[in-house]
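All chains are named by letter (A, B, ...) in the order of the sequence lines, taking the proteins before the strands, and each is independently numbered beginning at 1.
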There are 2 protein chains.
Amino acid sequence: MADDSAVVADFPAAGHDHARCLAGALATAEALCRHRGLRLTELRRQVLELIWAEHRPIKAYELLERLRERRSGVAPPTVYRALDFLLQEGLIHRVESMSAYIGCSAPERRHPVQLLVCRRCAAVAELADGEIEALLRRKAQGLGFEVDSATIELEGVCPQCRG
Amino acid sequence: MADDSAVVADFPAAGHDHARCLAGALATAEALCRHRGLRLTELRRQVLELIWAEHRPIKAYELLERLRERRSGVAPPTVYRALDFLLQEGLIHRVESMSAYIGCSAPERRHPVQLLVCRRCAAVAELADGEIEALLRRKAQGLGFEVDSATIELEGVCPQCRG
DNA sequence: CCTAGAATGTTATACCGTACCGAATATGCC
DNA sequence: GGCATATTCGGTACGGTATAACATTCTAGG
Ligand SMILES: [Zn+2]
Ligand SMILES: [Zn+2]
Ligand SMILES: [Zn+2]
Ligand SMILES: [Zn+2]
């Protein structure tokens, strides 16, 4: 049986209460960092907030622009350092096929990541499907390959864009 | 049951007859292009040959360097155009996690691609596993998502490097 | 030939990411 | 509090990846 909880984040509905997404993500991040003894500094919090601002993948240099509206003279290393921290802690994911970043919807637990990316509107759904993970691991094991991490991204058209 | 033919290319053995890999890949490409009414020009053939030269992923600018040993004054667009053609025709695959390119071991048929990349030696195994493909498609369908293409890459340690 | 389309040459530039160094800031200990 | 230490951040410079735009050459078909 498929485990429904594997869908960490469905495609966001058009009129959903996104202020709630944002507030929730920030609160979770705060709690998580406190629990892990890490510092969610003002910079990191701002970057996370900007990433969640659109509920869509955002590129590093776009992030840089937005960040400059609040902090003067910010350079690429500043934003990349914040991204590294957020990636490291599982608070965001990198969308490889877009060189972009998106907030994780279940950062409180480490999980496999499978992303569904709409090529029309760039909306992203996030899976944390153990069945996929297990199948891939099993196939790899058949070749004597030990999996450390996986990049799973599906490109296609989301329900909204299929109309 | 798992279909063994899903393993398009296992990790290359240390002392394998690579001249044979290279010759086979070029011959297949030639036949395939003739069959499709496409032109495997000298440039494209040379790029494909350079990609197969090491039986490992190779980066675009490294390719550019190598190509310059044979052709003077080659610029990035030249190599990227050749790469585009080879990708389009399924003669090579892009390794997203490395921004690199590797020859396809079964270009004569269109197939799903799953890559296993060794983080120690950069060797790559290529799967064309229908079971993985089907599972992903089924999971996506559960969200009303229509899959056009997929990027599946597993990073880990290959049998040789595990020792 | 002549011509239209394809392929390649050429220049310039945009975009993505990091090495490196030094300043500021937080943390733990006396 | 004062001090040493480690982390975080500012800022410069640069390297790696990829494409836009336009000129030129090549190729196949009439
Ligand atoms: Zn939202
Ligand atoms: Zn969409
Ligand atoms: Zn070989
Ligand atoms: Zn290896």
Side-chain angles (χ1 to χ4, degrees), chain A residues 29-30 33-34 36-51 57-89 91-102 117 122 151 153, chain B residues 29-30 33-51 56-89 91-102 117 122 151 153:
Chain A
E30 206 116 16
C33 284
R34 188 165 27 243
R36 294 182 188 167
L38 299 170
R39 294 166 54 198
L40 187 65
T41 62
E42 183 59 16
L43 172 68
R44 291 164 176 174
R45 209 193 56 77
Q46 282 185 358
V47 170
L48 183 61
E49 189 174 347
L50 288 171
I51 289 173
I58 183 169
K59 300 192 160 225
Y61 274 65
E62 191 181 345
L63 218 39
L64 183 59
E65 266 186 71
R66 300 257 184 289
L67 197 58
R68 276 177 170 149
E69 295 167 5
R70 304 198 202 176
R71 300 167 157 255
S72 64
V74 174
T78 297
V79 66
Y80 278 105
R81 276 188 297 243
L83 288 172
D84 286 345
F85 173 84
L86 298 171
L87 286 167
Q88 178 72 31
E89 297 308 319
L91 289 163
I92 62 174
H93 299 301
R94 180 181 153 86
V95 185
E96 292 289 338
S97 57
M98 300 180 63
S99 300
Y101 306 84
I102 189 163
V117 184
T151 302
E153 290 178 18
Chain B
E30 207 117 13
C33 285
R34 189 165 28 242
H35 184 257
R36 292 182 188 167
L38 300 170
R39 295 166 54 198
L40 186 64
T41 62
E42 182 58 17
L43 172 68
R44 290 164 176 173
R45 209 194 57 76
Q46 282 184 357
V47 170
L48 183 59
E49 189 175 346
L50 287 171
I51 288 173
R56 254 177 191 45
I58 184 169
K59 304 198 155 218
Y61 274 67
E62 191 181 346
L63 218 40
L64 183 59
E65 266 186 70
R66 301 258 183 289
L67 197 58
R68 277 178 169 150
E69 296 168 4
R70 304 198 204 178
R71 301 167 155 256
S72 63
V74 175
T78 296
V79 65
Y80 278 105
R81 278 191 293 244
L83 288 172
D84 286 345
F85 172 83
L86 298 171
L87 286 167
Q88 178 72 32
E89 296 309 319
L91 289 163
I92 63 173
H93 299 301
R94 180 180 152 84
V95 185
E96 293 289 339
S97 58
M98 300 181 64
S99 299
Y101 305 84
I102 190 165
V117 184
T151 302
E153 290 179 18

For [N], does either OP1 or OP2 sit under 4.0 Å from a side-chain N or O belonging to [X]?
| X | N | value |
| --- | --- | --- |
| A/Lys59 | C/dC16 | yes |
| A/Thr78 | D/dC9 | no |
| A/Tyr80 | D/dG11 | no |
| A/Tyr101 | C/dC16 | no |
| A/Arg44 | D/dT8 | yes |

Just by modelled atom types, is the A/Leu50 backbone N or O under 3.5 Å from a matching donor or acceptor in the A/Arg66 side chain? no

Has B/Glu89 got a side-chain atom pairing as donor or acceptor with B/Cys33's backbone, closer than 3.5 angstrom? no

Integer-rounded Å distance: [N] [atom2] and [X] [atom1]:
| X | N | atom1 | atom2 | result |
| --- | --- | --- | --- | --- |
| A/Leu87 | C/dG17 | CG | C1' | 13 Å |
| B/Leu40 | C/dA6 | CG | C1' | 15 Å |
| A/Met98 | C/dC16 | CE | P | 10 Å |

CD/A/Gln88: more than 12 non-hydrogen atoms of other groups inside 6.0 Å: no

Answer yes or no: is there an ion pair linking B/Arg70 with B/Glu42, defined by an N-O contact shorter than 4.0 Å? no

Quick one: which of [options] gets closest to the side chain of [X]?
| X | options | answer |
| --- | --- | --- |
| A/Arg39 | C/dT11, D/dT7, D/dA18 | D/dT7 |
| A/Pro77 | C/dT18, C/dC16, C/dT11 | C/dT18 |
| B/Tyr61 | D/dA18, C/dT18, C/dG9 | D/dA18 |

Within the 4.0 Å heavy-atom criterion, would you say A/Phe85 contacts the bases, only the backbone, or no part of the nucleic acid? nothing

Nearest-nucleotide comparison on DNA chain D, the residue closer to the 5′ end among B/Arg94 and B/Arg81: B/Arg94

By nearest-nucleotide position on DNA chain C, the 5'-leaning member of B/Thr41 and A/Asp84 is B/Thr41

